[in-house]
Amino acid sequence: MKVFNDLKTRGVVDILIAVTDGLEGMAEALAVVYPATTLQTCIVHLIRNSLDYAGWKERKALAAAIKPIYTAASADSAETELTAFETGPWGQKFPTVAASWRRAWSNVIPFFAFPPAVRRVIYTTNAIESVNARLRKIIKTRGHFPTDEAAGKLIWLALRNITADWGKAAQHWKEAMNQFAILYAERFTREG
C-alpha cells in the first residue's frame, strides 16, 4: 500500500491499466488507491506457462492451438475458443493448460475490452522485466555495497544507461495512444 501512496504523492493521480500477473494482494491494494484501474494478467506469461506443460516438439502446435483464445475479437469469443480448446484434442492432452487459463480468466477478459491497437501494447510486461533483469545483473556482479548511497548511485547509473535508447516510442504506441485518448478522454491527458 505504501508504494501506491508514494506514487500519489509524486503526482500519479490515475493508472489506466495494471498488468499484475496475479501477484498476491496487488489487485486489492491497487483498487483501494486507484479504484478506476483495469487489472489484467500478462498474456505472454500465460502463453509461456501453457507451453511449459508441453515437450519441445509439441510447443509450436500447442501455441497455434491456444492462439485463437487470445486473438479473439471479444471476451465471449475468447471463452468460446477456450472451451473449444478444452474439449478438443490439445485440451484433452493438456488439461492443465485450459485449467490455468480458467484460473486467470477474470484477469484475462479485461484485455478483450480494448481495441487491437491497445492490445498490441498491453499484452506483455516484457519491457519491465527487461529493466528488472538488467538491474539484477548489475547488482549481482557488483556484490556488496559499502553504503546505501553507493547502491543508489549504481542503480541510478544503470538506469541512465538502460534508458539511453528509449528515445523512440514503442512499436504501435502512437496508434494505441490515440485509442487511449478516445477511451479515457478525461483520464488520458497529454501534459505539455
Side-chain angles (χ1 to χ4, degrees), residues 4 14-132 169-188:
F4 301 114
D14 210 353
I15 296 177
L16 300 173
I17 301 164
V19 181
T20 62
D21 280 346
L23 295 173
E24 295 294 324
M26 180 67 74
E28 295 80 9
L30 273 169
V32 170
V33 183
Y34 299 104
T37 300
T38 301
L39 299 173
Q40 82 162 65
T41 194
C42 178
I43 301 298
V44 169
H45 286 153
L46 200 51
I47 295 166
R48 286 182 190 156
N49 182 53
S50 298
L51 298 180
D52 283 346
Y53 293 107
W56 285 106
K57 291 181 180 181
E58 298 172 308
R59 284 182 176 217
K60 190 173 185 177
L62 179 58
I66 60 175
K67 187 174 183 177
I69 301 168
Y70 62 88
T71 59
S74 67
D76 290 338
S77 299
E79 186 156 21
T80 300
E81 292 294 343
L82 178 55
T83 301
F85 171 84
E86 198 170 27
T87 59
W90 285 105
Q92 296 299 306
K93 186 170 185 173
F94 298 106
T96 49
V97 171
S100 68
W101 280 78
R102 293 268 182 219
R103 279 192 305 276
W105 199 247
S106 64
N107 287 326
V108 171
I109 56 175
F111 178 74
F112 297 104
F114 297 103
V118 173
R119 289 186 198 182
R120 280 192 294 271
V121 173
I122 66 169
Y123 81 107
T124 186
T125 57
N126 283 346
I128 297 165
E129 290 172 25
S130 173
V131 170
N132 289 337
Q171 191 174 9
H172 306 294
W173 172 245
K174 292 293 184 183
E175 191 179 352
M177 186 176 70
N178 284 303
Q179 291 297 317
F180 280 130
I182 292 167
L183 293 169
Y184 299 104
E186 71 283 355
R187 294 170 64 195
F188 190 85

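Residues forming a side chain to side chain contact (heavy atoms under 4.5 Å, CB included) with S77 (at least two apart in sequence, or on another chain): A72, S74. K60 pairs by the salt bridge (charged side-chain N to carboxylate O under 4.0 Å, His left out) definition with nothing, not counting sequence neighbours. A54 meets the side chain to side chain contact (heavy atoms under 4.5 Å, CB included) test with E58, R59, L62, F94; sequence neighbours excluded. With sequence neighbours left out, the side chain to side chain donor-acceptor pair (under 3.5 Å) criterion links S100 to no other residue. For T87, there are no side chain to side chain donor-acceptor pair (under 3.5 Å) partners, not counting sequence neighbours. Residues that satisfy the side chain to side chain donor-acceptor pair (under 3.5 Å) test with E79, not counting sequence neighbours, are R102.
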task: Check the pair V97, W90 against side chain to side chain contact (heavy atoms under 4.5 Å, CB included), reporting the backbone distance first and the verdict last.
output: CA-CA 9 Å; V97 171; W90 285 105; over 6 Å; no

task: Give the intermediate values and the outcome of side chain to side chain contact (heavy atoms under 4.5 Å, CB included) for residues R119 and F111.
output: CA-CA 7 Å; R119 289 186 198 182; F111 178 74; 3.5 Å; yes

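Here the side chains of P115 and L183 are in contact, with some heavy-atom distance below 4.5 Å. At least one side-chain heavy atom of I47 sits less than 4.5 Å from a side-chain heavy atom of W101.
The closest donor-acceptor contact from the side chain of E86 to the backbone of P95 lies at 3.5 Å or more, if one exists at all.
The shortest non-hydrogen separation linking S50 to I66 is CB-CD1, 3.9 Å.
Expressed to the nearest 0.5 Å, how far CD1 of I109 lies from CG of D76 amounts to 9.0 Å. In this structure, L46 CG and T41 OG1 are separated by 6.0 Å, a value rounded to the nearest 0.5 Å.
Ion pairing between K67 and E81 fails under the 4.0 Å rule for side-chain N and carboxylate O.
Taking the six-membered ring where tryptophan is involved, the planes of F112 and W105 are tilted, since the angle between them lies from 30° to 60°.
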